[in-house]
Amino acid sequence: MRVLYVTSELNPLIKVGGLADVSAALPAALLKQDIDVRVLLPGLPSAREQMAHMRLFDAVNSPFGMVQILCGTAPGSSVPVYIVHMPDLFDRPGNPYAGPDGNDWIDNYRRFGLLGWIAAHFVDPQQSWQPDIIHCNDWHAALAPAYLCAANNTRCKSVLTIHNLAYQGNFPAKVFDELALPKEYFGIDGIEFFNQVSFMKAGIVYADKITTVSPQYAYEIQTLEHGCGFDGLLRLRQPQGILNGVDYDTWNPETDDAIALPYGVDTLERKAAAKRALQQELKLEVQENAPLIVAVSRLTRQKGLDLIIEVLPELVAAGSQFALMGTGELEIEQAFTQAVARFEGQAAFIPGYDEKMAHRIMAGADVIVLPSRYEPCGLTQLYGLRYGTLPLVRRVGGLADSVLDASPVALQNGSATGFMFDQLNSLAFLHAARRAIECYHDKALWRQLQQRAMQQDFSWAAAAKRYIAAYRSASAGRAPVPPLSAGSK
Ligand code: ADP
Ligand code: GLC
C-alpha cells in the first residue's frame, strides 16, 4: 500500500507542537509495517536547510504558479520526504502559519491550497509514484480530498486526521475563485461554512474517512460543546479515534542523552539527580522533598494554564515548586512572568522553545500538569508517564484516554497512573493537585505509581496497525452520507 502523508509539521524540520512529533513517528512506524509511505511538507526554509539527500523530483504548473517538488529525507529517518518549493509563498520568517508578529499570513489559503493541490497531483497518471491513500492532517492539508473529488479520482482514497478542530482554516468567500475548484463546491454540501471558505470543512466533507487523535475526542467533537460548529456534520461522518503513540526512541529516560544519569523503572532512585540538576538550572531551591510540578506547553487558551496562575500561591504554600516552559500568546507569557516573580526560588517560567530542555524538565520533574480546556490527544502526559513524572490532568479528550486517576479504588488495585479532575475551575484543579502532593509524600506509594506509569505502553506500532486498518476501510469505500442540504443535521 502506498501512502502520501500530508502535513505542515515534521520534527525536526518544522515544529510548533505535537503534530510534528506525530508526523515524524507515525510514518516511520508505518514503514516498519511495510507500508510504502512518503511525507509531503510545505517548503519552509527550516525544512530545506535540514533535509538530507535533497534533489529535484518534479516541476509542476499549478493554479498557484510554477512550483518545484524536492525530495529527500529528514535527519535520522529513512522515510522519503517531498517538499513543495515555492519561495514566494514559503520563504518567510516565523512559524508555518504566522509571521514573527504572531499574525497569520494573509495568503494562508494560497500556501495551504497549494499543499492540498500538490498532494492531489500525485495521483496524476504521469507520476512515477502514485499513492493509494492520501492521509491529510488538519486543515492545512484538508483541501486535497476536494481536489481529488474535483478530478473525478476513484482510485486513490483520502483519510483526514483531525488533530485540532478549533483551527479550521476559514477564509473570506472571495478567495474561493483562486482555489481552482468547481463552482458548485462553494455550498452547504461543500466547503462553504457560514459564508466563508473552510479548509477543515472541505476535508470533513470530501475525505473518504475521518480519524482523530483519541477515542474520547472523537466522541467530544460530535457534541455541541466541542464540535466547533461541525458537530452535526461529524455525527454524519463518524470519526474514528486512534490514540497517538510515543516515539520511545526519542522519549526514553534510559537512553535520553539530554539527562546526565539515565534511569529506568528499576533504577528510579537516579531520577533524583535529574531533579537536582533541573532545580539548579531553573534557579529553584534544591529541595529534594518538594514536589516539582511542571508544564511544557504552547501558551494558548486551549491549555487552561490560567488555572495554574490562580492556584500557584496555594501550590507553593503546600510546599511544592512549579516550572513552566512555553511560548505563544504574549498575554499568557506576561501573566506567568508576573506570577512566578512573587515566588523566587519556588517557581520559574522559561519563555521560549527548547527541545533538549523539554527532555530535562520531563526527567527532573515529579508531576506534569495539563489542565486543558480541551485536548485532542496531548503528548506531554504520555512522555511524563514514561519518565515516571506523573500526569495531573483534566478529564478531557486524549487525557481521559491515557491517564488513570488515583481514585481510592485505583490506588487499592494498583492501576492508577496519575491524577485527574473534571470541572474546569481552580477548586477542582487544586483538589487534584493536593491529592497528588499527598501521594508524593508517601514515598512507597509514589514509587509504585511511578513504576505503574512507566510500564504503560503507548508505542506507535499498535497505533500504526489501527491506521493501516483505517486505510483499508477507506479503500473499501465510503459510507453514503445524506446531504446537509436535505436538512439531515
Ligand atoms: P499541542 O500539539 O497541542 O501543542 P501536544 O502535547 O500534543 O500539544 O504536543 C506538544 C509538543 O510540543 C511536545 O512534544 C512538547 O514537548 C513540545 N513543546 C511544547 N512547547 C515546547 C517548548 N516551549 N519547548 C520545547 N518543546 C515544546
Ligand atoms: C494537536 C492537539 C494535541 C495533539 C496533537 C498531536 O496539536 O492540540 O492535543 O496531541 O495535535 O495529535
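Remember, predicted model here, so these are calculated numbers, not experimental data. In this chain, numbering begins with 1 at the start of the sequence shown. Both counts, for ligands and for their atoms, begin at 1 and track the order of listing.
For Trp105 and Tyr97, the ring centers sit 6.0 Å or farther from each other. Between Tyr248 and Phe458, the ring center distance fails the sub-6.0 Å criterion. Here Phe349 and Phe322 keep their ring centres 6.0 angstrom or further from each other. Residues Tyr471 and His135 place their aromatic rings such that the two centres sit under 6.0 Å apart. Between Phe171 and Trp139, the ring centre distance stays below 6.0 Å.
Near Gln302, meaning under 4.0 Å from one of its heavy atoms, ligand 2 places the atoms 8 (O). Of all atoms in ligand 2, listed by their number and element, those nearer than 4.0 Å to a heavy atom of Val22 are 6 (C), 12 (O). Against a heavy-atom cut-off of under 4.0 Å, Arg298 is close to the following atoms of ligand 2: 8 (O). The Asn164 neighbourhood of ligand 2 comprises atoms 8 (O), with distances under 4.0 Å to a heavy atom of that residue. Against a heavy-atom cut-off of under 4.0 Å, Leu19 is close to the following atoms of ligand 2: 6 (C). Taking every heavy atom of Gly378 and a limit of under 4.0 angstrom, the matching atoms of ligand 2 come to 3 (C), 4 (C), 9 (O), 10 (O). Counting the atoms of ligand 2 from 1 in the order shown, those under 4.0 Å from a heavy atom of Asn244 are 6 (C), 10 (O), 12 (O). Atoms of ligand 2 found under 4.0 Å from any heavy atom of Gly18, numbered from 1 in the order shown, are 6 (C). Counting the atoms of ligand 1 from 1 in the order shown, those under 4.0 Å from a heavy atom of Arg298 are 1 (P), 3 (O), 4 (O), 20 (N). Remark: ligand 1 atoms within the under-4.0 Å shell around heavy atoms of Asp354 are 24 (N), 25 (C).
Heavy-atom proximity to atom 3 (O) of ligand 1, evaluated over Lys303, Gln302, Glu375, is greatest for Lys303. Compare Leu399, Leu379, Leu382 by their heavy atoms: the one nearest to atom 7 (O) of ligand 1 is in Leu379.
Counting only N and O atoms by type, the side chains of Tyr5 and Arg38 include no donor and acceptor under 3.5 Å apart. Residues Ser198 and Asn170 bring a donor and an acceptor atom of their side chains to less than 3.5 Å of each other. In this structure, a donor-acceptor pair under 3.5 Å is absent between the side chains of Asn425 and Gln423. Of the N and O atoms on the side chains of Asp256 and His359, at least one donor lies less than 3.5 Å from an acceptor on the other residue. Side chains of Asp405 and Ser407: no donor on one and acceptor on the other come within 3.5 Å. No side-chain donor-acceptor contact under 3.5 Å links Asn95 and Glu9.
Residue-to-ligand polar distances place Asp21 within reach of ligand 1: an N/O pair is separated by less than 3.5 Å. Every N/O-N/O distance between Leu19 and ligand 1 stays at or above 3.5 Å. Taking only nitrogen or oxygen atoms, main chain and side chain alike, Lys303 does not reach within less than 3.5 Å of ligand 2. Residue Gly352 has at least one nitrogen or oxygen atom sitting less than 3.5 Å from a nitrogen or oxygen atom of ligand 1, judged on distance alone. Between Trp251 and ligand 1, not a single N/O pair is under 3.5 Å apart.
For atom 3 (C) of ligand 2, the closest non-hydrogen atom on the protein side is Glu375 OE2, 3.4 Å. Protein heavy atom closest to atom 12 (O) of ligand 1, with residue, atom name and distance, is Lys15 CE, 3.7 Å. The protein atom (non-hydrogen) at minimum distance from atom 12 (O) of ligand 2 is His163 ND1, 2.7 Å. Nearest protein neighbour of atom 11 (C) of ligand 1, counting heavy atoms only, is Gly18 N, 3.7 Å. For atom 15 (C) of ligand 1, the closest non-hydrogen atom of the protein is Thr380 CG2, 3.7 Å. Closest to atom 22 (C) of ligand 1 among all protein heavy atoms lies Tyr353 CD1, 3.3 Å.
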**OP:** Evaluate the side chain to side chain contact (heavy atoms under 4.5 Å, CB included) criterion for residues Val159 and Asp208: first the C-alpha distance (whole Å), next the side-chain angles of each, then the deciding distance (0.1 Å), finally the verdict.
**Re:** CA-CA 6 Å; Val159 174; Asp208 293 293; 6.0 Å; no
**OP:** Show the numbers, then the answer: is there a side chain to side chain contact (heavy atoms under 4.5 Å, CB included) between Arg48 and Ile83?
**Re:** CA-CA 8 Å; Arg48 280 207 323 278; Ile83 63 174; 3.3 Å; yes
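Contact between Met357 and ligand 1 is absent, with no heavy atom of the residue lying under 4.0 Å from the ligand. Remark: distances from the non-hydrogen atoms of Gly326 to ligand 1 include one below 4.0 Å.
Two residues are said to be in side-chain contact when any heavy atoms from C-beta on lie closer than 4.5 Å; Tyr206 and Ser158 fail this criterion.
With a 4.0 Å cut-off on non-hydrogen atoms, Ser297 touches ligand 1 through its backbone and not its side chain. When heavy-atom distances to ligand 1 are checked against a 4.0 Å cut-off, His163 has no atom that comes that close, whether in backbone or side chain.
A side-chain hydrogen bond (donor to acceptor under 3.5 Å, both in side chains) with Glu375 is found for exactly one of Lys303, Gln381, Arg395, namely Lys303.
Of the charged side-chain nitrogens involved, at least one lies within less than 4.0 Å of a carboxylate oxygen, so that Lys275 and Asp366 count as a salt-bridged pair.
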